*Asks:* 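Take this structure, written in structure tokens, and hold onto it; I'll ask about it next.
Within every chain, numbering begins at 1; the chains are lettered A, B, ... in the order of the sequence lines, protein sequences first and strands thereafter. Keep in mind that this is a model prediction, so the values were computed, not measured. Heavy atoms only: backbone and side chains are in, while hydrogens, waters and symmetry mates are out.
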Protein chains: 2
Amino acid sequence: MSSLRDVAERAQVAVSTVSAALNGTRPVAAGTKRRIEQAAAELGYRPNLLARGLQSKRTRILALLYPAPRSGFGLTEMQFATGAAEAARELGHHLLLSPENADPIEELRHLTGLGLVDGVLLMEVGLDDERAAFLAAAGVPFSMIGRTRDPGSIDYADIDFAATAGDAVAHVASLGHRSLALFNLSAGAYGDGYGPAIRAGEEFAAAARAAGIGYVDGHRPGSAEEGREAFERLMDAHPDVTALAVMDDHAAVGVIAAVAARGWRIPDDLTLMLVLSSARVAEMFHPRLTTLEPPGTELGRLGARMLVDRLSGDGPPQQRLVPCRLVAGDSSAAPPPKPRERRPA
Amino acid sequence: MSSLRDVAERAQVAVSTVSAALNGTRPVAAGTKRRIEQAAAELGYRPNLLARGLQSKRTRILALLYPAPRSGFGLTEMQFATGAAEAARELGHHLLLSPENADPIEELRHLTGLGLVDGVLLMEVGLDDERAAFLAAAGVPFSMIGRTRDPGSIDYADIDFAATAGDAVAHVASLGHRSLALFNLSAGAYGDGYGPAIRAGEEFAAAARAAGIGYVDGHRPGSAEEGREAFERLMDAHPDVTALAVMDDHAAVGVIAAVAARGWRIPDDLTLMLVLSSARVAEMFHPRLTTLEPPGTELGRLGARMLVDRLSGDGPPQQRLVPCRLVAGDSSAAPPPKPRERRPA
DNA sequence: TTGTACGCGTTATCAT
DNA sequence: ATGATAACGCGTACAA
């Protein structure tokens with residue numbers, strides 16, 4: 001690879017002049033500049049990122065801290081990564097994919113100690129995330145996709161659960177439903193203090209209250225079988241519920257089976273929505289489910305952009321909430337006119 | 001961050017001795033070595049990767065060239081990335097996520113010119129992949145997940161389509177089926193020369209021939225609607241087909257609908273398999289589909305490992321084929337005893 | 001406007 | 001066995 005010196009020789013100038021010309025870091029005569037640029041082009045010169053980083057203390061590399069895939073790991077997480085990578089590239093940065101091992105803190109200490117990355121992007125942030133605490137204490141610039149319980153002045157991009165729940169409730173309310181239930185994420189899949197689970201629960205409750213419709217939660221099925229059981233118990237206890245929002249894809253499978261087993265149909269007897277699931281997944285179902293699709297790419301992009309902003313200058317903290325997109329499928333309809341009964345096949 | 005010099009001062013030795021002691025690159029007296037190690041530990045010294053890379057011409061960073069998500073982009077691609085990242089970390093390397101833009105070659109030229117990465121990992125390799133040609137010509141070490149038509153001596157890890165097709169055929173044959181059809185990937189989704197589509201087609205044909213059972217292909221539905229139509233046409237032309245392998249998730253949705261519309265049931269009237277789809281997706285269906293799950297993580301790991309091996313020394317080319325894992329679901333059964341008829345509801 | 005000289009943190013070569 | 005010193009390629013004072 002050709003270096004600054006090669007270009008300098010070819011253009012008959014000093015190395016520093018080449019550097020200046022190429023970076024615009026000080027005035028260079030138009031003629032000289034042209035000669036230099038031509039020489040650089042001819043040699044296919046590319047600045048060496050290592051040397052530049054060593055000198056400037058800025059590598060323009062971001063690390064995406066990648067939690068070890070627990071039970072569920074899907075399209076959304078993929079979108080975080082691709083969104084962040086795209087935005088990083090557009091902003092002249094690179095994205096390092098950094099899978100966490102058993103000891104995330106040690107991993108972080110190592111990673112940041114290398115001098116390789118300028119900042120860190122955190123995924124799957126817990127309500128009391130130790131990684132965030134560590135990074136803040138260590139003075140390492142970082143941003144979060146998701147957020148801790150008390151983000152303070154830390155940059156983050158997260159789902160707007162209030163708006164999302166509002167949209168969902170408005171959707172079913174406008175169809176005429178008077179009572180909505182939520183099947184939340186299972187504790188097993190994500191641990192107990194998982195932010196999205198907690199926030200979704202709170203905001204759905206609030207939205208339903210504000211809209212003046214009934215609301216039931218408490219079930220947290222994490223598999224098809226649990227979804228079946230949960231639906232049965234839900235109908236036993238609250239036969240008036242005509243709309244159901246489910247946060248776990250597999251639980252939805254069970255719900256659908258349970259509905260069919262009763263001789264009921266979707267959407268005639270039950271309006272079913274998927275929450276935090278991509279439209280691609282919703283299309284796998286029959287009928288195609290209405291879904292509240294998380295803005296994965298958008299959040300990834302925002303996270304990266306915020307981090308780059310933070311590295312450049314220091315403005316006020318950027319904290320952005322983005323609602324899910326409601327994609328209406330064929331699983332939404334008006335509630336059944338009369339009380340439903342079991343109609344075994 | 002503390003540097004080698006800080007450690008040297010603290011241990012009362014020369015910088016070069018510290019370097020030698022820490023890297024074991026030349027003999028160091030036991031006592032000195034202990035002093036140095038202690039000083040390093042006390043200062044929390046971490047070698048600066050940039051400086052080391054600048055000097056040694058090896059950054060221990062791998063780039064995963066990440067194609068812009070086309071239509072279909074799922075869990076498998078995610079697994080490539082996570083597998084590669086994990087393996088890289090275990091081997092003391094880092095993984096850079098590099099999304100491709102409009103001009104992949106220019107992107108590659110840029111990336112490799114930066115001196116930032118030691119080698120490149122290619123995903124979604126085409127039969128005549130220009131990126132592979134470029135890298136080979138440029139002398140940049142790389143390995144492929146997937147493979148070109150003629151890989152020559154390039155390292156790669158790919159799906160073993162022959163074994164996969166063999167397993168699939170054996171599965172349906174052992175259930176008693178005498179005729180199998182394949183719905184291949186649509187040309188639209190992946191372009192026309194997409195390796196997996198072509199290899200799957202060839203190998204299913206060969207496996208069926210070897211097993212002495214009938215084989216039909218030619219349909220390439222890329223959506224639910226196209227899947228419905230394709231199934232209708234298939235049944236019109238080949239009413240004897242009792243087993244169907246589908247490579248596109250969405251097409252499978254249409255097939256299932258078409259089967260139901262005829263008043264048929266899965267698996268009683270049709271054995272349905274998903275090919276190259278993850279078990280997680282297969283579980284979304286009802287009944288749970290039998291699937292040939294691609295070894296995404298494994299391939300990612302292999303690709304990274306091969307690349308690291310190649311960077312370290314140069315042995316013979318490593319070319320590994322890994323078969324898909326057959327996960328039996330509830331969509332496989334013996335063929336119907338009598339010819340099926342339409343049984344409209 | 002341009003050139004010279006130094007430092008970033010590391011490894012490698014040469015003396016000692 | 002250890003220490004001094006020269007690169008690696010770049011940015012940046014400072015001098016010209």
Side-chain angles (χ1 to χ4, degrees), chain A residues 1-37 39-40 43-61 92 94 110-118 312, chain B residues 1-37 39-40 43-61 92 94 110-118 312:
Chain A
M1 212 54 216
S2 54
S3 81
L4 219 45
R5 241 189 29 198
D6 302 326
V7 180
E9 282 180 13
R10 199 170 222 281
Q12 304 281 14
V13 288
V15 206
S16 64
T17 308
V18 179
S19 172
L22 262 30
N23 295 317
T25 186
R26 81 183 184 193
V28 172
T32 330
K33 186 169 177 179
R34 272 204 317 103
R35 278 214 326 280
I36 291 177
E37 281 169 349
L43 268 57
Y45 167 77
R46 312 272 168 188
N48 183 308
L49 239 51
L50 297 183
R52 175 177 283 180
L54 187 57
Q55 157 66 28
S56 67
K57 300 289 186 189
R58 285 205 47 186
T59 63
R60 304 195 152 246
I61 299 178
H94 292 269
H110 181 79
L111 185 66
T112 56
L114 259 23
L116 183 58
V117 304
D118 289 342
S312 308
Chain B
M1 211 56 215
S2 56
S3 81
L4 219 43
R5 244 192 23 201
D6 302 325
V7 181
E9 281 179 14
R10 197 171 224 282
Q12 304 281 15
V13 288
V15 222
S16 60
T17 308
V18 179
S19 173
L22 262 30
N23 295 316
T25 184
R26 78 182 186 193
V28 171
T32 333
K33 185 169 178 179
R34 271 204 318 102
R35 277 212 330 277
I36 292 176
E37 281 169 349
L43 268 60
Y45 166 78
R46 312 271 169 187
N48 183 308
L49 238 52
L50 297 184
R52 176 175 282 180
L54 187 57
Q55 160 65 30
S56 67
K57 300 289 185 190
R58 286 206 45 187
T59 62
R60 302 196 154 247
I61 299 177
H94 292 270
H110 181 77
L111 185 66
T112 56
L114 259 23
L116 182 59
V117 304
D118 288 343
S312 307

*Asks:* Specify the separation, in whole Å, of atom CG of A/Leu49 and atom C1' of C/dC8.
*Replies:*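 Taking CG of A/Leu49 and C1' of C/dC8, I get 15 Å after rounding.
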*Asks:* Specify the residues of residues 8-18 of chain B, ordered by number, for which at least one heavy atom lies under 4.0 angstrom from an atom of DNA chain C.
*Replies:*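 When residues 8-18 of chain B is checked for heavy atoms under 4.0 Å from DNA chain C, the hits, listed by number, are B/Ser16.
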*Asks:* Using 0.5 Å steps for rounding, measure from the CZ atom of A/Arg52 to the OG atom of A/Ser19.
*Replies:*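 Going from CZ on A/Arg52 over to OG on A/Ser19, the span is 8.0 Å.
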*Asks:* What heavy-atom pair brings A/Leu22 and A/Glu37 nearest, and what distance separates the two atoms?
*Replies:*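 Looking at all heavy atoms of both residues, the closest pair is CD1-CG, 4.3 Å.
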*Asks:* Which residues, if any, of residues 19-26 of chain A bring a heavy atom under 4.0 Å of DNA chain C?
*Replies:* A/Arg26
*Asks:* To the nearest 0.5 Å, what is the distance between CG (B/Leu111) and CZ (A/Arg46)?
*Replies:*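 Answer rounded to 0.5 Å: 10.5 Å.
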*Asks:* Using whole Å, report how far CG of A/Asp118 lies from P of C/dC8.
*Replies:*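 Taking CG of A/Asp118 and P of C/dC8, I get 18 Å after rounding.
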*Asks:* Hey, could you give me the CD1/NE2 distance between A/Ile61 and A/His94, rounded to the nearest 0.5 Å?
*Replies:*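 Interatomic distance, A/Ile61 CD1 to A/His94 NE2, rounded to 0.5 Å: 7.0 Å.
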*Asks:* Any donor and acceptor pair, going by atom type alone, linking the side chain of A/Thr59 with main-chain N or O of A/Leu116 inside 3.5 Å?
*Replies:* yes
*Asks:* Is it true that atom CZ of B/Arg58 has more than 12 heavy atoms of other residues, nucleotides or ligands lying nearer than 6.0 Å?
*Replies:*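 Atom CZ in B/Arg58 is packed in, count exceeds 12.
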*Asks:* So how far is it from A/Leu54 CG to B/Leu50 CG, rounded to the nearest 0.5 Å?
*Replies:*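 CG of B/Leu50 is found 6.0 Å from CG of A/Leu54.
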*Asks:* Is there a side-chain contact between B/Thr32 and the phosphate of D/dA1, meaning an N or O under 4.0 Å from OP1 or OP2?
*Replies:* no
*Asks:* Do any N or O atoms of the protein come closer than 3.5 Å to N or O atoms of nucleotides 6-9 of chain D, and which pairs are they?
*Replies:*
from: D/dA7; atom 1: N3; to: B/Gln55; atom 2: OE1; distance (Å): 3.4
from: D/dC8; atom 1: O3'; to: B/Lys57; atom 2: NZ; distance (Å): 3.2
from: D/dG9; atom 1: OP1; to: B/Lys57; atom 2: NZ; distance (Å): 3.0
from: D/dG9; atom 1: N2; to: A/Ala51; atom 2: O; distance (Å): 3.4

*Asks:* With the side chain counted from C-beta on, respond yes when A/Val18 and A/Val13 share a heavy-atom pair under 4.5 Å apart, and no when they do not.
*Replies:*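 SC-SC contact between A/Val18 and A/Val13 confirmed.
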*Asks:* If you take all heavy atoms of B/Arg35 and B/Ala11, which pair is closest and at what distance?
*Replies:*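 Shortest heavy-atom contact: NH2-O, 2.9 Å.
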*Asks:* Considering non-hydrogen atoms only, spot the tightest contact between B/Ser2 and B/Leu43 and give its length.
*Replies:*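 For B/Ser2 versus B/Leu43, the nearest heavy atoms are OG-O, 3.2 Å.
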